[in-house]
S.K.: 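Take a look at the following structure, please.
All chains are named by letter (A, B, ...) in the order of the sequence lines, taking the proteins before the strands, and each is independently numbered beginning at 1.
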Number of protein chains: 2
Amino acid sequence: MPRSKDDLSGLRRKAAPMPPPEGMPPCEPGAARRLPKDEREKRIIEGAIQFFAERGFEGQTRELAKRLGITQPLLYRYFPTKDDLIDRVYQDLYVKRWQPVWEEWILDRSQPIDRRMKRFYKDYAASILTYEWMRIFLYSGLAGFDINNRYLTLIRDRVLVKLCGEWRHEFGLPDPTALPIGEAELELAWALHGAIIYLGIRHFIYGLKVPRNFDPLIEADIDVFLAGLPGKLAALTREMAAE
Amino acid sequence: MPRSKDDLSGLRRKAAPMPPPEGMPPCEPGAARRLPKDEREKRIIEGAIQFFAERGFEGQTRELAKRLGITQPLLYRYFPTKDDLIDRVYQDLYVKRWQPVWEEWILDRSQPIDRRMKRFYKDYAASILTYEWMRIFLYSGLAGFDINNRYLTLIRDRVLVKLCGEWRHEFGLPDPTALPIGEAELELAWALHGAIIYLGIRHFIYGLKVPRNFDPLIEADIDVFLAGLPGKLAALTREMAAE
DNA sequence: CAGCTTATTGAGCAAGCGATAAATAAAAAT
DNA sequence: ATTTTTATTTATCGCTTGCTCAATAAGCTG
């Protein structure tokens, strides 16, 4: 079978790390020098998020400084080591973006289940399906940092397990207190979660063209998922109850 | 609201890049020196795949050589530059793993649609949901290489678009020649695809514990997806036909 | 203006990087 | 056994990297 043109032969690399979406000029063109301490620190962190998202943690401090319009040794006045700067990037990026109200939305039974799920996932996607969040999260995952494990454990315990409980209630299946949420069940929740996250991966990691507005896609995914869920869920709970 | 223990405060990094699954000893303990040219080249490529999967392309040639039980300059006897070695890694990892028969499986209408999808995705997952494939693919995506874009374009044109056509046929909807596959429709295919890929991301990138056998999970995902699909698909084609 | 504080810079070190060239030694050829 | 070939190593170059420290200059206080 002859190969057509769109195959993978002749693989070559491209030295173009995906540029950030908004071409914000390197932060300061004729940067006003001698800023107050707090202001400078803030700018460094913001610039570092942008920079590390683009280049990864192996990005060099000299180039980061160049983008910030400052010299490299100044970075070390504000952060004793590069690792300390990276830690601050994590703080600003992950810890601050978690919304405890999400858990309440999911459990709010005054709303139908699809509305709750759509509300949560649209807001969640708006929070984390961004250039900086997605790329830094993946860079840190590949580097083997434990933040990813911790963050996803949070997602599992605070979101997915609760979703499973609400589905049980919605479809008239045994309460989790009577029959604990099983692994296969939880994997269904991970599947929907992965489908939504993969939107961001396609766009921000692989640079693929993706519909600009994620919301209708998320709603469609949830519709399909919920329409197909009860059959499988009933089968799974039957299996588990039988043991 | 007081924070519980499993939150994200006190983020710290961990200097442990996720180790490969099978602790294959560094390739050669008391390595028989002076290998024939082909054999040595083969070992270098295999070792490089393992090494770059773990450390990324910024992994140093000296450490790669150390794992291979050879000295660093010897690498440059076989590959003129580090980039040339990386290109060979791509060839071995991506080009060789594409199975043209997959496209035939999907279009084989002598089998029911769920059987076809499960057969393809289980085989596809067995091929690419591996430590080396997933990690190198993500490293190269983050680095901005064009392989990812090319590979996923292949997936879209050779797999997902065809799946959409088969769904149309399955549910008695207009043929793609009469009404072309729409964007929203294709996004549903990406959703299922993403749900399955995300299994590998969770495990090999983030180091999360995931059920060992992916097959039953993939089957469940497809069952839920197919059960929920016809309603949404009918609505989408109605919308498109109305324009 | 003088004097003090401190944000910022210029110069540079030690270690690590990809890559090179000549020297060595193991296998093959004569 | 001697020569030829070549897989492999030793030593090193030029450059980059994270990081340091003394010098500079901008702003505040009197």
Side-chain angles (χ1 to χ4, degrees), chain A residues 13 15 17 26-49 51-52 54-90 139-140 143 145, chain B residues 13 15 17 26-49 51-52 54-90 139-140 143 145:
Chain A
R13 302 171 57 210
C27 233
E28 316 162 52
R33 297 202 313 203
R34 192 140 183 122
L35 295 180
K37 207 171 179 181
D38 291 352
E39 173 65 18
R40 177 66 71 197
E41 182 176 299
K42 193 182 143 204
R43 290 202 194 185
I44 289 177
I45 294 173
E46 281 175 12
I49 289 177
F51 178 72
F52 288 132
E54 189 177 329
R55 302 288 252 251
F57 302 118
E58 322 239 10
Q60 303 122 11
T61 54
R62 277 176 176 82
E63 195 184 333
L64 168 58
K66 199 173 187 177
R67 289 201 197 185
L68 287 165
I70 59 177
T71 57
Q72 182 234 17
L74 189 56
L75 293 175
Y76 289 86
R77 185 98 186 160
Y78 289 85
F79 300 94
T81 77
K82 187 181 177 183
D83 278 2
D84 287 315
L85 176 55
I86 292 175
D87 278 354
R88 277 299 297 273
V89 165
Y90 281 130
Y139 271 122
S140 78
F145 301 161
Chain B
R13 301 171 56 209
C27 233
E28 316 161 52
R33 297 202 315 203
R34 193 146 183 116
L35 295 180
K37 205 172 181 180
D38 292 352
E39 173 65 17
R40 177 65 72 196
E41 180 176 300
K42 192 183 143 206
R43 290 202 193 186
I44 289 177
I45 293 173
E46 280 175 13
I49 288 176
F51 178 73
F52 288 131
E54 189 177 329
R55 301 289 251 251
F57 302 119
E58 321 238 12
Q60 302 122 13
T61 55
R62 277 176 175 82
E63 194 184 334
L64 168 58
K66 199 172 186 179
R67 289 202 197 184
L68 286 165
I70 60 177
T71 56
Q72 180 235 17
L74 189 56
L75 293 174
Y76 289 85
R77 185 99 186 162
Y78 290 85
F79 301 94
T81 75
K82 188 181 176 182
D83 277 3
D84 288 313
L85 175 56
I86 291 174
D87 278 354
R88 277 298 296 275
V89 165
Y90 282 130
Y139 270 122
S140 78
F145 301 161

S.K.: Which residue is it: B:Glu39, B:Glu41, B:Glu46? I am looking for the one with a salt bridge (Lys or Arg N to Asp or Glu O under 4.0 Å) to B:Arg43.
M.R.: B:Glu39
S.K.: Please state how far atom CD1 in B:Ile86 lies from atom C1' in C:dG18, giving the value in whole angstrom units.
M.R.: 12 Å
S.K.: Compute the centroid of each ring, for A:Phe57 and then for A:Phe51, and state whether the two points are separated by less than 6.0 Å.
M.R.: no
S.K.: When rounded to the nearest 0.5 angstrom, what distance separates CD1 in B:Ile86 from OH in B:Tyr139?
M.R.: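 Here the rounded value is 12.0 Å.
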S.K.: For B:Lys82 versus B:Gly59, what's the shortest heavy-atom pair and its separation?
M.R.: NZ-O, 2.8 Å
S.K.: Rounded to whole Å, please give me the gap between CZ in A:Arg43 and C1' in C:dT8.
M.R.: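 Atom CZ in A:Arg43 sits about 15 Å away from atom C1' in C:dT8.
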S.K.: Could you tell me the separation between the CG atom of B:Leu75 and the P atom of C:dG18, rounded to a whole number of Å?
M.R.: 10 Å
S.K.: Restricting to non-hydrogen atoms, name the atom on A:Leu64 and the atom on A:Leu85 that form the minimum distance, rounded to 0.1 Å.
M.R.: CD2-CD2, 3.7 Å
S.K.: What is the separation between atom CG on A:Asp38 and atom C1' on C:dA7, rounded to the nearest whole Å?
M.R.: 13 Å
S.K.: Within this structure, what is the NZ-to-C1' distance between A:Lys66 and C:dT9, rounded to whole angstrom?
M.R.: 16 Å
S.K.: Need one value for B:Tyr78: base, sugar-phosphate or nothing, where a base atom within 4.0 Å counts as base even if backbone is also close, heavy atoms only.
M.R.: sugar-phosphate
S.K.: Rounded to the nearest angstrom, tell me the gap between atom CD1 in B:Ile70 and atom P in C:dA19.
M.R.: 15 Å
S.K.: Classify every nucleotide of nucleotides 19-30 of chain D by which part a protein heavy atom approaches to under 4.0 Å, writing B for the base, S for the sugar-phosphate alone and - for neither, in 5'-to-3' order.
M.R.: BBB----BS---
S.K.: Write down the distance between CG (A:Leu35) and P (C:dT9), rounded to a whole number of angstrom.
M.R.: 10 Å
S.K.: Charged N to carboxylate O under 4.0 angstrom, A:Glu58 versus B:Arg55?
M.R.: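 No, this pair does not count.
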S.K.: How close or far is atom P of D:dT6 from atom CD of B:Glu39, stated in whole angstroms?
M.R.: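 Going from B:Glu39 (CD) to D:dT6 (P), I get 19 Å.
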